[in-house]
Q: 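One structure is given below, represented as structure tokens, and several questions about it will come after.
Order of the sequence lines fixes the chain letters, A, B, ..., with proteins taken first and strands second; residue numbering starts at 1 for each chain. Here the structure is a predicted model, which means the values were calculated and not measured.
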Protein chains: 4
Amino acid sequence: MIKVAINGYGTIGKRVADAVAAQPDMEIIGVSKTSVSAEAYIAKERGYPLYIADLGRKPAFEKAGLEVAGDVETMLKAADIIVDATPGGVGEKNRPVYEKLGKKAIFQGGEEHEVAGFSFNAHANYKEAMGRQFARVVSCNTTGLVRLITAMDRAFGVERVRAVMIRRAADPDDIQRGPVDAIVLNPVTIPSHHGPDVQTILPSVNIVTLAMIVPTTLMHMHSVQIDLKRETTREEALKVLENHSRIGIVRKATGIKSNAQLREYTQDLGRPRTDLWENGVFEESVAVLNGREFYCFQAIHQEADVVPENVDCIRAMMGTVKDPEESIRTTNKALGLVAIG
Amino acid sequence: MIKVAINGYGTIGKRVADAVAAQPDMEIIGVSKTSVSAEAYIAKERGYPLYIADLGRKPAFEKAGLEVAGDVETMLKAADIIVDATPGGVGEKNRPVYEKLGKKAIFQGGEEHEVAGFSFNAHANYKEAMGRQFARVVSCNTTGLVRLITAMDRAFGVERVRAVMIRRAADPDDIQRGPVDAIVLNPVTIPSHHGPDVQTILPSVNIVTLAMIVPTTLMHMHSVQIDLKRETTREEALKVLENHSRIGIVRKATGIKSNAQLREYTQDLGRPRTDLWENGVFEESVAVLNGREFYCFQAIHQEADVVPENVDCIRAMMGTVKDPEESIRTTNKALGLVAIG
Amino acid sequence: MIKVAINGYGTIGKRVADAVAAQPDMEIIGVSKTSVSAEAYIAKERGYPLYIADLGRKPAFEKAGLEVAGDVETMLKAADIIVDATPGGVGEKNRPVYEKLGKKAIFQGGEEHEVAGFSFNAHANYKEAMGRQFARVVSCNTTGLVRLITAMDRAFGVERVRAVMIRRAADPDDIQRGPVDAIVLNPVTIPSHHGPDVQTILPSVNIVTLAMIVPTTLMHMHSVQIDLKRETTREEALKVLENHSRIGIVRKATGIKSNAQLREYTQDLGRPRTDLWENGVFEESVAVLNGREFYCFQAIHQEADVVPENVDCIRAMMGTVKDPEESIRTTNKALGLVAIG
Amino acid sequence: MIKVAINGYGTIGKRVADAVAAQPDMEIIGVSKTSVSAEAYIAKERGYPLYIADLGRKPAFEKAGLEVAGDVETMLKAADIIVDATPGGVGEKNRPVYEKLGKKAIFQGGEEHEVAGFSFNAHANYKEAMGRQFARVVSCNTTGLVRLITAMDRAFGVERVRAVMIRRAADPDDIQRGPVDAIVLNPVTIPSHHGPDVQTILPSVNIVTLAMIVPTTLMHMHSVQIDLKRETTREEALKVLENHSRIGIVRKATGIKSNAQLREYTQDLGRPRTDLWENGVFEESVAVLNGREFYCFQAIHQEADVVPENVDCIRAMMGTVKDPEESIRTTNKALGLVAIG
Ligand SMILES: NC(=O)c1ccc[n+]([C@@H]2O[C@H](COP(=O)([O-])OP(=O)(O)OC[C@H]3O[C@@H](n4cnc5c(N)ncnc54)[C@H](O)[C@@H]3O)[C@@H](O)[C@H]2O)c1
Ligand SMILES: NC(=O)c1ccc[n+]([C@@H]2O[C@H](COP(=O)([O-])OP(=O)(O)OC[C@H]3O[C@@H](n4cnc5c(N)ncnc54)[C@H](O)[C@@H]3O)[C@@H](O)[C@H]2O)c1
Ligand SMILES: NC(=O)c1ccc[n+]([C@@H]2O[C@H](COP(=O)([O-])OP(=O)(O)OC[C@H]3O[C@@H](n4cnc5c(N)ncnc54)[C@H](O)[C@@H]3O)[C@@H](O)[C@H]2O)c1
Ligand SMILES: NC(=O)c1ccc[n+]([C@@H]2O[C@H](COP(=O)([O-])OP(=O)(O)OC[C@H]3O[C@@H](n4cnc5c(N)ncnc54)[C@H](O)[C@@H]3O)[C@@H](O)[C@H]2O)c1
């Protein structure tokens with residue numbers, strides 16, 4: 001059993017914890033919180049040992065009925081590998097600690113590529129992660145793009161990618177961040193930084209991205225145009241997507257036309273935390289124009305799509321499973337991830 | 001086993017179906033849909049026989065991979081009792097059909113009191129429902145108010161109730177209804193109709209309600225002031241709420257200050273569809289001023305709080321369980337409803 | 001003086017009325033309303049004679065303190081030209097009336113091209129409107145695209161246009177329409193109908209458009225990619241936009257990064273109804289990649305950009321001014337339209 | 001002419017500047033900004049001399065085409081009185097500067113009462129401000145409550161006030177603050193701090209307030225219940241409101257049911273920045289129940305209602321006008337404030 005510690009038990013951390021705990025070859029040996037909160041009660045409810053950075057706060061936790069297993073360093077020492085899911089930028093500060101302890105660690109998309117020196121996506125570059133001490137699971141948006149581009153590239157060759165990303169403003173439980181009634185260019189400049197982020201995994205892809213933020217919480221929405229190297233048809237393109245284990249098809253017959261209805265669907269399906277771990281490509285949107293211009297809309301559940309990637313990244317870095325497809329299959333099965341559609 | 005049919009498998013119907021299916025003494029013999037949709041696939045996934053009003057649409061369902069068990073009338077005939085969860089106003093049109101077939105039926109809060117002639121809440125008037133052919137489970141807002149008022153009345157006597165209800169604009173998957181950036185007085189007139197609706201269950205309560213609609217989807221929020229007949233303290237009032245099996249306490253230590261964070265919490269708890277079946281009273285908000293003025297904020301999950309009430313209403317109307325508390329306990333246990341807090 | 005009647009004094013109609021009234025060569029001879037409302041009081045406040053379709057409602061208007069000048073047909077007869085700003089689809093029903101009366105009429109973007117048989121944009125095809133009985137001022141989105149494409153085409157030649165349009169959900173005072181928390185694909189299919197709508201004015205342009213609706217009220221936001229025929233630089237492209245009398249530049253120095261801040265700016269400038277009549281191109285977003293790929297974000301104030309186009313369309317159809325630039329200059333001056341930036 | 005400086009030319013400051021400039025007995029001698037922004041261009045457009053705190057930034061302003069008149073201290077010295085409209089908490093830090101310079105200053109509602117030692121509302125306590133060096137114009141919500149309570153108290157006597165305030169999340173141009181889809185209790189505790197804030201002006205009033213934040217930008221909405229000392233009727237209560245020069249009546253005939261439609265109305269009326277300077281009481285909501293319970297909904301435009309109060313506060317502190325009604329009349333006339341309704 002691979003011993004996994006979750007440093008930063010928040011939106012991503014709590015999901016990765018449950019995903020890891022569900023795997024046959026992994027176990028959660030601890031999760032960390034900085035202060036008493038609803039999520040600390042969830043850790044308790046799940047039976048994950050709770051570690052805190054500042055033991056001075058232990059009484060506050062105990063007064064709230066939350067047992068503290070020890071300080072974060074104790075947790076890190078007990079782990080084979082650490083999933084760092086602290087807020088963007090904190091991972092960079094944590095890296096020296098992991099180095100000092102000689103521990104493997106996975107960072108999230110809020111960190112720069114350089115923090116880990118290697119960026120990961122299971123379908124794109126699993127094997128390159130093998131044996132590394134550090135890796136970064138790219139952000140939700142980048143993960144969604146890389147899955148799609150890799151699939152299309154293997155099938156038809158990718159000439160150039162032009163993508164517009166309509167991003168959710170805040171996660172559903174984040175009551176601080178806005179905007180309330182605005183479309184925010186983020187960044188105003190074109191191209192956005194998402195293209196270069198894709199290139200940390202797919203260095204030679206010709207990609208231009210643009211991004212805006214809108215007042216919603218549920219999922220990002222990507223409008224993607226890919227000029228293909230080889231001509232194809234809508235049917236063939238759709239087949240490639242259907243065959244991908246982390247791309248789901250939002251079927252026309254469901255009547256789903258928005259991320260909100262899609263969320264209702266995953267909720268009705270009983271997905272834990274309503275998570276859409278796969279890209280949600282809208283069947284009706286898939287188009288191939290002029291023989292080579294592929295288009296689609298895809299919904300990207302920001303809180304979820306990176307979760308299975310973290311699990312695979314653990315296996316790759318630990319070197320316990322050599323075959324990407326085997327890891328992906330194991331991860332998906334343990335999660336109950338059968339792509340929708 | 002009580003044979004239950006769900007006429008109208010939508011937001012409420014799909015929840016009641018799962019709640020009924022979880023009970024030891026009930027089974028779902030069928031659910032009805034009017035057209036192919038995401039929810040029809042969920043019915044299939046759950047294994048509920050799918051009935052449709054217009055058999056002419058059968059080919060459309062079958063083309064979409066959805067087996068049709070028959071027409072709605074066939075379903076109604078096979079049931080001991082029907083939960084009518086069609087859109088507001090449709091229940092009234094369905095009543096003559098239920099009468100003709102001599103079937104018991106439960107209507108929802110979108111119907112007028114007169115459609116059933118009797119309005120139901122498990123804690124308030126379970127016994128009065130026994131043996132009836134028709135009953136109406138009152139709306140989500142009324143259910144939430146009746147639970148709270150009944151509890152306070154039994155403990156301290158209720159002199160008068162003044163409540164302001166901040167209502168969600170649309171259910172999360174409803175992409176039609178707004179507003180987007182407005183606070184809508186609904187109605188503009190004071191008092192609103194919610195007070196009289198409470199009086200369909202508690203006829204003698206002195207109540208004035210006001211209501212607004214705001215651009216959110218998750219839960220209603222009630223600001224409630226109850227002038228009590230007997231003096232009490234904050235601690236005693238809180239104890240009454242804590243002891244109620246369908247009132248939960250949103251503890252200060254969780255840091256939850258909004259319906260969004262509360263939804264995240266029920267989601268993290270693994271509640272099906274994130275449902276908060278109980279009233280969510282915010283611990284910090286509970287106040288008793290001047291000895292007799294009780295105040296609190298309570299979150300009401302519009303999609304969920306009526307669900308256990310429907311289950312109890314079935315038992316009461318079928319007469320199989322005489323003791324309200326026994327039914328409530330059975331329902332809650334089968335649902336996994338242990339009030340938060 | 002050209003006698004102008006406004007049939008449908010709503011969001012667009014009330015703006016066109018004020019714009020017409022401000023022109024040196026036009027006057028408003030009447031506006032029509034169907035029922036008593038806030039806008040009827042505004043018509044009174046402006047001194048526009050108020051006509052109503054159904055004289056049976058006259059007492060209701062008079063009881064509300066609103067004088068009724070007569071029925072709509074009386075108004076239409078007294079006009080040289082009618083601006084039909086009724087809700088989408090009503091214009092089509094009104095056309096036979098205008099034909100019968102032998103009156104010129106302008107329809108809005110909610111009508112099909114075929115209703116008028118000619119679609120109008122001042123910079124693109126003013127002269128073709130001359131002498132016509134019917135014309136349609138294209139929708140806000142189409143107007144914004146046509147202005148930009150025409151400008152780029154004249155300067156550099158346009159090879160192909162790819163645009164993603166993020167549309168506001170509802171006008172600010174529309175409290176019915178949503179969504180509240182969703183990104184809605186509208187349509188789900190790619191391409192959207194906006195490309196063909198542009199082609200009603202620019203028939204030979206190669207254009208693919210995609211559209212989504214997001215929960216905001218203020219302005220649409222376009223992400224536009226134009227592959228040019230001739231190479232150019234960012235500076236030259238920006239100069240072309242700066243020189244256009246209905247394209248404004250949202251300067252970097254203003255710090256404006258969203259449609260909300262842009263609206264605050266036009267509000268601070270004292271623009272009537274905060275109207276941004278021009279396209280709002282974000283300076284920082286203007287990019288020319290690979291020599292020929294032009295990119296920009298532009299904000300389109302749905303309520304406003306078609307207003308000056310209606311004014312010019314009146315002049316063109318009446319044939320009183322032959323030179324497009326002269327009409328545009330007159331319109332802009334009377335409105336106080338000096339493009340921002 | 002009273003020489004007025006505006007320290008902090010933002011949401012409130014820019015409005016007070018225009019209101020002051022419109023008065024016959026006042027002039028703006030300068031406004032201050034901390035950095036280049038859209039509002040700095042507006043100051044230039046209005047012709048207000050622009051002062052900056054840090055002269056080191058002068059080149060940045062000049063590069064942006066903005067002339068700098070000098071540093072803030074120079075501006076303060078040249079003024080008879082300063083309106084401090086800096087962000088909440090900054091005023092407190094500025095007070096010692098004003099003291100050192102021996103200047104009169106008005107603070108805004110973001111400061112504690114103690115910063116000025118005196119809190120102001122024109123209708124409630126104009127005379128008490130006379131001759132003072134410091135005063136605080138209370139917040140938008142408090143201003144709205146004080147106007148209403150004072151009016152009802154003078155007419156009927158006020159026994160107790162219970163108010164629920166539904167607050168806008170962010171000003172329209174604020175793209176940072178949320179929430180996006182949540183009702184936030186702010187504070188969770190009952191009562192909120194707004195009651196005590198009212199008591200800084202009306203110390204003996206019995207008041208309990210509750211407050212929530214919802215995802216809108218336009219106006220706050222108050223639901224107010226006032227138990228009166230003397231019995232009255234709806235008609236008499238309405239008459240009192242109609243006769244108040246800063247309370248407007250949103251008439252039933254306008255069909256306005258929300259703050260969004262009300263904003264459209266003030267926009268159509270041509271109010272500068274669409275400002276609703278008066279309380280917007282909804283005619284249909286006005287109710288008197290049981291002879292003594294007065295109820296109403298009132299819309300409070302957060303950006304606007306304090307503006308005329310600042311102007312009156314200047315006159316009171318300068319001692320140039322002794323009669324409150326005379327100042328209020330002068331202010332209103334100069335602004336064009338004729339209460340709606
Ligand atoms: N939320 C998303 O949608 C999303 C999607 C993909 C990637 N990411 C990335 O995942 C990472 C985590 O984001 P998140 O949204 O889960 O954040 P979060 O704020 O929800 O959770 C962060 C957790 O880290 C803990 N924490 C805070 N400061 C800490 C510190 N100094 N040391 C240790 N723990 C600390 C907090 O208690 C919290 O539980 C970021 O890099 C982010 O960019 C987030
Ligand atoms: N949604 C809520 O938050 C909520 C809360 C409490 C009570 N209610 C009440 O519950 C009832 C159902 O509301 P809902 O929100 O679940 O509605 P819904 O629209 O989500 O679902 C209604 C279902 O009825 C079906 N239906 C529609 N027309 C029908 C017809 N003519 N005959 C048979 N079936 C038909 C639809 O297919 C749909 O599945 C209403 O009375 C409503 O007022 C709703
Ligand atoms: N609102 C926008 O953002 C926008 C932008 C560009 C174009 N348009 C187009 O402009 C047209 C008008 O749209 P709008 O938003 O101003 O609509 P609106 O609903 O705001 O106003 C329509 C007006 O027409 C009146 N009306 C309704 N039915 C009528 C009838 N049968 N006969 C006569 N008058 C009637 C109403 O009283 C109302 O005043 C539509 O074609 C629309 O597609 C609207
Ligand atoms: N915005 C509202 O709705 C509202 C309503 C009533 C009262 N108020 C109160 O009015 C005051 C101002 O609020 P606002 O909303 O106008 O703020 P704002 O942020 O819109 O404007 C503040 C201005 O002060 C300037 N500024 C910032 N820091 C400064 C400093 N250190 N020194 C000098 N100037 C500085 C900024 O450039 C900005 O122009 C606060 O006390 C606030 O609580 C605001």
Q: For the interface with chain D, which of Pro215(B), Ala287(B), Ala260(B) has the highest count of heavy-atom pairs at distances below 4.5 Å?
A: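 It is Pro215(B).
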Q: What part of Glu283(B) is in contact with chain D, defined as an atom under 4.5 angstrom from a non-hydrogen atom: side chain, backbone, both or neither?
A: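 Nothing of Glu283(B), per the 4.5 Å heavy-atom cut-off to chain D.
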Q: Taking all heavy atoms of Phe282(B) and all of Val188(D), pick out the closest pair and write down the distance.
A: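 The answer is CB-CG1, 3.9 Å.
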Q: Could you tell me which portion of Arg160(B) (side chain, backbone, both or neither) has an atom closer than 4.5 angstrom to a non-hydrogen atom of chain D?
A: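 The side chain, not the backbone.
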Q: Going from CG on Asn259(B) to CG on Leu185(D), what distance comes out if it is rounded to the nearest 0.5 angstrom?
A: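 Between Asn259(B) CG and Leu185(D) CG, I get 8.0 Å after rounding to 0.5 Å.
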Q: Quick check: closest heavy atoms across Val214(B) and Ile183(D), and the distance to 0.1 Å?
A: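 Smallest interatomic distance, heavy atoms only, reads CG2-CD1, 4.0 Å.
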Q: Return the option, out of Ser285(D), Cys296(D), Pro187(D), Ala299(D), with the maximum number of heavy-atom pairs under 4.5 Å with chain B.
A: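 Most pairs with chain B among the choices: Ser285(D).
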Q: Under a 4.5 Å heavy-atom cut-off, does chain D meet the side chain of Ala211(B), its backbone, both or neither?
A: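 It is the backbone, since no side chain atom gets that close.
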Q: Nearest 0.5 Å, please: how far is CZ in Arg162(B) from CD in Glu293(D)?
A: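 Output value for this atom pair is 4.0 Å.
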Q: So which part of Gln225(D) gets closer than 4.5 Å to some heavy atom of chain B, the side chain, the backbone, both or neither?
A: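 For Gln225(D), side-chain heavy atoms alone lie under 4.5 Å from chain B.
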Q: Using non-hydrogen atoms and a 4.5 Å limit, figure out which bit of Asn290(B) sits close to chain D: side chain, backbone, both or neither.
A: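 Just the side chain, heavy atoms under 4.5 Å.
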Q: What distance separates Arg263(D) CZ from Asp181(B) CG, expressed to the nearest 0.5 Å?
A: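 CG of Asp181(B) is found 9.0 Å from CZ of Arg263(D).
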Q: Got a second to check how far Ile190(B)'s CD1 is from Ser223(D)'s OG, nearest 0.5 Å?
A: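 Between Ile190(B) CD1 and Ser223(D) OG, I get 6.0 Å after rounding to 0.5 Å.
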Q: Hey, does Met221(D) have a side-chain heavy atom less than 4.5 Å from the side chain of Met212(B)?
A: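 Met212(B) reaches Met221(D) side chain to side chain.
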Q: Just wondering, more than 12 heavy atoms not from Gln199(B) lying within 6.0 Å of its CD?
A: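 Above 12, so yes.
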Q: When only pairs under 4.5 Å are counted, which of His220(B), Arg168(B), Lys252(B), Lys257(B) shares the most heavy-atom pairs with chain D?
A: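 Top option by heavy-atom pairs under 4.5 Å: Lys257(B).
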Q: Of the listed residues (Ile213(D), Asp227(D), Val180(D)), which shares the most heavy-atom pairs with chain B below a 4.5 Å separation?
A: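 If we count pairs closer than 4.5 Å to chain B, Asp227(D) comes out on top.
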Q: Among Leu262(D), Leu289(D), Thr189(D), Val250(D), which residue forms the greatest number of heavy-atom pairs with chain B at distances under 4.5 Å?
A: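 Of the candidates given, the most pairs with chain B belong to Thr189(D).
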